[in-house]
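The structure appears right after this line, and notes come after that.
Labels below follow one simple rule: chain letters A, B, ... track the order of the sequence lines, proteins then strands, and each chain is numbered from 1. Just so you know, these numbers come straight off a predicted model, no measurement behind them.
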There are 2 protein chains.
Amino acid sequence: MKKNSVSPIPLNPTPLKNTSSADTKASGRGGARPGAGRPAGQGQYGEPTKPVRLPVSMIDEVMDYVATGGRQSLPLFSCAVAAGFPSPADDHLEGSLDLNDYLVKHPAATFFVRVSGDSMIKAGIHENDILVVDRSLEPRHGKVIIAALDGQLTVKRLHHKSGKTMLMPENDRYAPIVVSDEASMVIWGVVTNVIHSV
Amino acid sequence: MKKNSVSPIPLNPTPLKNTSSADTKASGRGGARPGAGRPAGQGQYGEPTKPVRLPVSMIDEVMDYVATGGRQSLPLFSCAVAAGFPSPADDHLEGSLDLNDYLVKHPAATFFVRVSGDSMIKAGIHENDILVVDRSLEPRHGKVIIAALDGQLTVKRLHHKSGKTMLMPENDRYAPIVVSDEASMVIWGVVTNVIHSV
DNA sequence: ACTTTTGAATAAAGTACAATATTCTAATAT
DNA sequence: ATATTAGAATATTGTACTTTATTCAAAAGT
């Protein structure tokens, strides 16, 4: 929690020279007193800090990350029917969610694909949607997959039926594609989520 | 780039005691030679590091962040027709994308809502989808919004027509809701994206 | 000649320290 | 009595230094 954002610019670090008369013999002012001193929690972050070693290439990025409050874990509500009376927000709160955590289970094996065409409209996949694709999942029968076919990427539902492999669109205006030569098709990954703009 | 992930556990930090006979007079072994010493770039990160001060509450999180390679900016491909011949991945590469950046424009004003019901099915909003909602956008006519009505959250398209406010479902099996008393309805925010599991 | 041992060399990693910033109040001035 | 100022107190912050880890090759052993 950031209590205040005091910039580390010195307000007036060098004490002003004594007003007028000369020899200011350093007489004792101030004195021992409890409660003096800079109060805790007044730093940049409003809490204690510790030095940590980081790879130089990531320091800027990490500083950004910290400045923006770390993980973007935002609250998740639900539409479910509330307890019975007009309710405050808490009644709907399900918890909090970080999009990357939720959508990207295998970061090293995940990529995105922007959709063109409407051949999978019945699967809730629209033109310009972004698909979250996981390479590490096995492309089983019935999964929606991304395949490279004739040098083009396509989204289809994978069907294995009586030894034949087919790519099924989910739009009545399109016909299934029978994959005659499996070697000509490369499956890039399994679609796990669709991101659609309203 | 992580060259190797050497754990910082000492392999054998304390040199074994001299094998047998006593007084090993420290005779000079080794000696000055160029090229000796631990090679650079063999550390945990494969690059130089610097100590940086971080708030204690975020150190663990930041270490995770760094360990997972920082921002989850993953490649974005497109389905567009390729140049003409069976193409390598690069032909489809549009760039890279970070989900939080892409979906959350106003972190402080954004939250998620899990959908129940199918009243907005024609807008591509299905049961159990997660909606990205931005409180900071103005709920204009025609926008899909989240509203609290009778203590329940609902997703509907907002309509202002001849001074009347209506909440329009996008499913023929539901009827529009006329908002007679505006005070009883609170608009929580504008839906910007839908996240759908396939 | 080949293998093993051992200390030198040097980068990495963690921590202690010095310098800085900020606040409080007694002492001084008005 | 009230306002101002200087110094004490103490947290923060950056970095220097110590400790640890790792590799190289000379010396010793086989």
Given [options], identify the nucleotide with an atom nearest to the side chain of [X].
X: A:P39; options: C:dA13, C:dA11, C:dT23; answer: C:dT23
X: B:P51; options: C:dT23, D:dA16, C:dA13; answer: D:dA16
X: A:R38; options: D:dA16, C:dA16, D:dT10; answer: D:dT10
X: B:A36; options: D:dA11, D:dC24, C:dC17; answer: D:dC24

What is the distance, rounded to the nearest whole Å, between atom [atom1] of [X] and atom [atom2] of [N]?
X: A:Q42; N: D:dA11; atom1: CD; atom2: P; answer: 12 Å
X: A:Y45; N: C:dA21; atom1: OH; atom2: C1'; answer: 16 Å
X: B:I59; N: D:dT13; atom1: CD1; atom2: C1'; answer: 14 Å
X: B:R53; N: C:dA18; atom1: CZ; atom2: C1'; answer: 12 Å
X: B:K50; N: D:dG14; atom1: NZ; atom2: C1'; answer: 9 Å

Side chain B:E47, main chain A:S57, donor-acceptor under 3.5 Å: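 Confirmed, B:E47 side chain pairs with A:S57 backbone.
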Check: A:N171 side chain, A:D118 main-chain N or O, donor-acceptor pair, under 3.5 Å: yes
Based on the rotation axes of five pairs at each end, what angle does the helix from C:dA1-D:dT30 to C:dT30-D:dA1 bend through, to 10°?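 About 30° separates the two local helix axes.
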Residue pair [X] / [Y], side-chain heavy-atom distance below 4.5 Å:
X: A:V104; Y: A:T192; result: no
X: B:V52; Y: A:V62; result: no
X: A:F77; Y: B:V133; result: no

Test side-chain contact (heavy atoms from CB on, under 4.5 Å) applied to B:S136 - qualifying residues, sequence neighbours left out: B:H106, B:A109, B:D134
Are B:Q44 and C:dA13 close enough that a side-chain N or O sits under 4.0 Å from OP1 or OP2?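 Result: yes.
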Which residue, A:V52 or B:P48, contacts DNA chain C at a nucleotide closer to its 5' end, judged by nearest heavy atom? B:P48
Can you name the residues that form a salt bridge (Lys or Arg N to Asp or Glu O under 4.0 Å) with B:K122, not counting sequence neighbours? B:D172
